[in-house]
Every structure is written in C-alpha cells, then in structure tokens.
2 protein chains.
Amino acid sequence: MQVPLYQAKAEFFRMLGHPVRIRVLELLQNGPVPVRDLLNEIDIEPSNLSQQLAVLRRSGIVVSIRDGNTVSYALAGGDVAELLRAARRILTELLVGQTELLAELRQADVG
Amino acid sequence: MQVPLYQAKAEFFRMLGHPVRIRVLELLQNGPVPVRDLLNEIDIEPSNLSQQLAVLRRSGIVVSIRDGNTVSYALAGGDVAELLRAARRILTELLVGQTELLAELRQADVG
DNA sequence: CCTGCGATTGAAGACTTCTTCAATTCCCGA
DNA sequence: TCGGGAATTGAAGAAGTCTTCAATCGCAGG
C-alpha cells in the first residue's frame, strides 16, 4: 500500500467533513436523487452543490447517472448508513457530555 | 438544537480528518496511553502532537489524565472502534473500486 | 528554592479548502 | 440548427487548518 492506511482514513473523514456533503449522503440513502431535488432540499447555489458533489464523486462514494436532461446521484455501494449511525451514536454521547459540563459550570456560577 | 445536526456531524468528521488524530484514536483503543508512548509511535514533533491532542480534547472524544510528570490520554467513552471499523469497511470498498478502475484503464491501454 | 524534564500554549507563515462568479457543456424540443 | 434549461467547470479571493517556533506551565528531585 503506497498511501498508509491511517492517511487514507483521514482523507476519507475529511471528505465527509462538510455539512452539505453530509446532507447529500443522507438524502441518497433511499436511492438515487436528481440534482434538482437536492437543490430543493439544501438551499445552496447550484455551482456550490456541484462542487460538493464533485468532491463526493472523486472519492468514489457516489456516482452520477444522466438521464436526458437531468442528472441523478446515487451511493456507489456500501453501508454509508451504518457509518452515519455510528457517528451519530458517538456524537450524541459527546453532546450529552458537553451538556453535563455546561450544567456543572452553571452550578459553579451559582455556588 | 442551535447547531443543526448535519453541521455537528460535519465538524465531528473534520475532527477525525487528520492522520495523526486517527492514529492516536487507534492507539487509545486498548486503554490510556502516555503522551511519551504516543510520541514514540508516531514520529512527529511534541508540540505538533500536543496540538492534535488539543483538537481531540476540545471535541470531547478523549480526556487527559495527569499522573505526576507524565500525561496520559484515554478515550472519553463510546465506541470509537465501531466507527473506525465502519469507516474501514467503506474505505475498503472504495479502494477496491479504484483498483478495478485502474485495471480497466490498463486494459484500455493495451486494447 | 532552583533545575530539568514532560507536555502544553500562542502566534506566524505555509498550505488547503470554501464560496462565488462567469463561462461552458450537454441535451432536449421547436 | 438554434434556444433554453440543467448541471458542471475553472479560477480567484476569503476563510480555515497545519506545522513549527519560542516561550511557558507543572511537577519531581536535589
């Protein structure tokens, strides 16, 4: 392997590290979606969406399918859902942790 | 929720998007590890490691524990292992996809 | 108290990534 | 073949992240 695995992983996570890209992946989870519909959901300029779609395409996690005048995107394979679920689980813990911390800080204010 | 969830997720993934941070999380999976040992494994300047550890700490995914003169880091909670496994599964698919693509390109060269 | 080691911090410049713009491609229908 | 809508591209400035440096903190031992 030319590229060390931990670097490939880091690149992979960086690819996920953008709100629009996350939303797109979530929207694609029930099958292909036309760019037009993504634009409807996401409230962003078309060219910006295209840029983000290009990032996803380059990584290989999605593919684009042209049908006449409309282009649709679809997940390339695998269990993206599972990844996002795992992320949500951890994220939930982290946010709970922060809430508790916040509560303690408030206590400290009062006490 | 003040911060939309998809933005929190994006920040979370961005936090993971660095080779050193990934390695640290992997090294912490069997329990706390002193900074000294991390430095031994990772080949990076101490101050750089500290910066990356600070990123992890700020996100809440790890905590630091001081014992006399040595500081150790530990996972704050949850199933980071599962997340990394899910990531590896997808990553493997993606890399296989790229390898196949490469093979096709070579075919095209010959044919 | 002072020295030294382990680790952290803040700041600055190099480097990446984001957003936006104008220009372009692709395809359909007239 | 021309017009027009859908989507993409390339480029440029703004914004963010990385690496490194010197300075600092905290603690143990002399």
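These values consider heavy atoms only, across backbone and side chains, with no hydrogens, waters or symmetry-generated copies. What you see is a predicted model, and the numbers here were worked out from it, not measured in a lab. Here is how names work: the chains are called A, B, and so on, in the same order as the sequence lines, proteins then strands, and each is numbered from 1.
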* To do: Please check if V55(B) and L27(B) belong to a single hydrophobic cluster, counting links between Ile, Leu, Val, Met, Phe, Trp and Tyr side chain heavy atoms closer than 4.5 Å.
  => yes
* So Q29(A) and L84(A), side-chain contact (heavy atoms from CB on, under 4.5 Å) or not? Walk me through it. -> CA-CA 11 Å; Q29(A) 279 186 104; L84(A) 293 176; 3.8 Å; yes
* Once you round it to whole Å, what is the distance between P of dC18(D) and CD of E11(A)? -> 13 Å
* Over how many whole Å does the gap from I22(B) atom CD1 to dC18(D) atom P extend? -> 12 Å
* Between dC27(D) (C1') and R66(B) (CZ): distance, integer Å -> 7 Å
* To do: State, with a plain yes or no, whether a side-chain heavy atom of F12(B) is found less than 4.5 Å away from one of L94(A).
  => yes
Under 3.5 Å, N/O pairs linking protein and nucleotides 3-5 of chain C:
none

* Asked: Separation of L39(B) atom CG from dT8(C) atom P, in whole Å?
  -> 9 Å
* Structure fact -> Between CZ of R36(A) and C1' of dA6(D) the distance, given in whole Å, is 8 Å
* What is the minimum heavy-atom distance between Q7(A) and P19(B), and which atoms define it? -> CA-CB, 4.3 Å
* Asked: So if you build clusters from Ile, Leu, Val, Met, Phe, Trp, Tyr with side-chain heavy-atom gaps below 4.5 Å, do V62(B) and V33(B) land together?
  -> yes
* **Nearest-Å distance for atom pair CG/P, residues D67(B) and dG6(C)** => 15 Å
* Verify side-chain contact (heavy atoms from CB on, under 4.5 Å) between R21(B) and L16(B), making sure each step is shown before the conclusion. => CA-CA 6 Å; R21(B) 299 199 290 264; L16(B) 295 172; over 6 Å; no
Polar pairs (N or O, both sides) under 3.5 Å between protein and nucleotides 12-22 of chain C?
residue, atom, partner, partner atom, Å
dT17(C), OP1, R14(A), NH1, 2.8
dC18(C), OP1, R21(A), NH2, 3.1
dT19(C), OP2, H18(A), NE2, 2.8
dT20(C), O4, Q51(A), NE2, 3.3
dC21(C), N4, S47(A), OG, 3.1

* Asked: Between dG6(C) atom C1' and N40(B) atom CG, what is the distance in whole Å?
  -> 13 Å
* **Crowding at CG, N40(A) (>12 non-hydrogen neighbours, <6.0 Å)** => yes
* **Stepwise side-chain contact (heavy atoms from CB on, under 4.5 Å) check, L38(A) with L53(A)** => CA-CA 10 Å; L38(A) 294 174; L53(A) 290 173; 4.2 Å; yes
* Would you say dA6(D) has OP1 or OP2 under 4.0 Å from some side-chain N or O of Y73(A)? -> no
* **Considering all heavy atoms, the nearest P32(B)-S72(B) contact** => CB-CB, 4.5 Å
